[in-house]
Amino acid sequence: HGMAWSSLGNLYKAKGDNAKAVTAYENATSVIKKDKVLWANLGMAYFRNKDVDKALKALEQAKTLAPNDAEIRANLGTIKRQKGDLPGAIADLEAATKNKPDEAQYWNNLGVAYRTAKRDDDALKAYKKATELSPNDANFHFNLAVIYRRKEMVTEAIAEYEKATGLDPGSAEGWFDLGFMYKQDHQNDKAIAAFNKYIEINKGKDPAAAKRAEEEIGALGGDVKAGKKPDPKQKPKTPPKKK
């Protein structure tokens, strides 16, 4: 009973039991051989179970049955990128955005593939499309900022990093990069504040990066604790005299 196995696979997936989900979907596809949804479900079950090669085979079978299914092509493209097959990843992700052009995540994933392939101009267009479709996603703005930074478009990079950290104030990486962009733009006070924000969020997680941020603050003449530049008019406190 193929559909019974399929339903069982869905339940195991919901419970997070990936191994049993794989078995159930395998039994389902052995009975019902030409159902794109079953093959797609099997492929993603393999992927969640860390069997990437089998995941690709199952998803390729799903693609054969439904070459214009955007979700199948998007999942295939993302897995191929992780496997290092950039031409294959880009082809599938381009197909996904063509078949479902209003899905922001597909454009973002395509941008990641372009960026990995060092096609920065194409990545820029893809990320801009993602932010247009989903303007409140901090991750999309962060990715767009990274491309602007690569292209040495400082003003544009700062604007996108500001949006990313505004939408997700807990993004340590966003504050770290924003600090460097402010520094490059000679906005030293803002750079010091951004680096201090990074140190605050990153506390205890990455000592090496925190030290680098502290060094940047010091080089800018700032105070790591206060997050501000010291007042040059303020005289240093004299130590109390010994009695």
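When a residue number appears, it is its place in the shown sequence, counting from 1.
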Q. With a cutoff of under 4.5 Å between side-chain heavy atoms, which Ile, Leu, Val, Met, Phe, Trp and Tyr residues group with Ile90?
A. Leu93, Trp107, Leu110, Tyr114, Leu133
Q) Does any non-hydrogen side-chain atom of Tyr25 lie less than 4.5 Å from one of Trp5? A) no
Q: Look up atom CE in Met44 and atom CG in Leu76, then write down how far apart they are to the nearest 0.5 Å.
A: 9.5 Å
(Q) Quick check against the 3.5 Å criterion: does Lys33 have a side-chain atom that pairs as donor or acceptor with the backbone of Ser30? (A) yes
**Q.** Inter-residue atom distance Leu220.CG - Lys190.NZ, 0.5 Å rounding
**A.** 14.5 Å
(Q) Within the structure provided, determine whether Leu167 and Asn136 are in side-chain contact (heavy-atom separation under 4.5 Å). (A) yes
Q: Taking all non-hydrogen atoms of both residues into account, name the closest pair between Ala89 and Gly77 and its distance.
A: CB-O, 3.2 Å
**Q.** pair Val52-Gln82: side-chain heavy atoms closer than 4.5 Å
**A.** no
Q) According to a 4.5 Å side-chain heavy-atom criterion applied to Ile, Leu, Val, Met, Phe, Trp and Tyr, with indirect links allowed, do Leu178 and Val224 form part of one hydrophobic cluster? A) yes
Q. When rounded to the nearest 0.5 angstrom, what is the spacing between NE2 in His141 and CG in Asn108?
A. 11.0 Å
Q. Other hydrophobic cluster members with Leu11, side-chain heavy atoms of Ile/Leu/Val/Met/Phe/Trp/Tyr under 4.5 Å, chained?
A. none
Q: Report whether Leu86 and Ile79 are members of the same hydrophobic cluster (ILVMFWY, side-chain heavy atoms less than 4.5 Å apart, transitive linking).
A: no
Q) Charged N to carboxylate O under 4.0 angstrom, Glu215 versus Arg212? A) no
Q: Among residues two or more places apart or on two chains, list those pairs meeting ring pair (Phe, Tyr, Trp, His ring centres under 6.0 Å) that have a residue in residues 177-221.
A: Phe176-Phe180, Phe176-Tyr198, Phe180-Phe195
Q | With sequence neighbours excluded, residues passing side chain to side chain donor-acceptor pair (under 3.5 Å) with Asn139 | A | none
Q) Out of curiosity, Asn68 CG to Arg73 CZ, how far, rounded to the nearest 0.5 Å? A) 7.5 Å
Q) Side chains of Lys83 and Asp53: closer than 4.5 Å at any heavy-atom pair? A) yes
**Q.** Exercise: do Asn109 and Gln105 side chains pair donor with acceptor under 3.5 Å
**A.** yes
Q: Identify whether the distance between the nearest side-chain nitrogen and carboxylate oxygen of Lys63 and Asp92 falls below 4.0 Å.
A: yes
Q. Should Trp175 and Tyr161 be counted in the same cluster of Ile, Leu, Val, Met, Phe, Trp and Tyr side chains packed under 4.5 Å apart?
A. yes
Q | Residue pairs involving residues 140-161 (criterion salt bridge (charged side-chain N to carboxylate O under 4.0 Å, His left out); sequence neighbours excluded) | A | Asp120-Arg150, Asp121-Lys151, Arg149-Asp177, Glu160-Lys163
**Q.** Side-chain donor/acceptor of Ser134 to backbone N/O of Thr131, under 3.5 Å
**A.** no
Q | Heavy atoms from other residues, nucleotides or ligands near CD of Glu214 exceed 12 (cutoff 6.0 Å) | A | yes
**Q.** 4.5 Å side-chain heavy-atom contact, Arg48 and Lys13
**A.** yes
Q: Would you check if the side chain of Asp168 reaches a backbone N or O of Ala164 as a donor-acceptor pair within less than 3.5 Å?
A: no
Q) Who else is in Tyr127's hydrophobic cluster (ILVMFWY, side-chain heavy atoms under 4.5 Å, direct or via others)? A) Val112, Leu124, Leu144, Ile147, Tyr148, Met153
Q) Out of curiosity, Asn41 CG to Asn10 CG, how far, rounded to the nearest 0.5 Å? A) 5.5 Å
**Q.** Single-linkage hydrophobic cluster Leu56~Phe47, side-chain heavy atoms < 4.5 angstrom
**A.** yes
Q) Does a salt bridge link Lys80 with Glu60, judged by any charged N lying under 4.0 Å from a carboxylate O? A) yes
Q. Do Glu162 and Ile158 come close enough that some side-chain heavy atom pair is under 4.5 Å?
A. yes
Q.
As an exercise, state the distance from CD of Glu132 to CZ of Phe140, rounded to the nearest 0.5 Å.
A. 12.5 Å
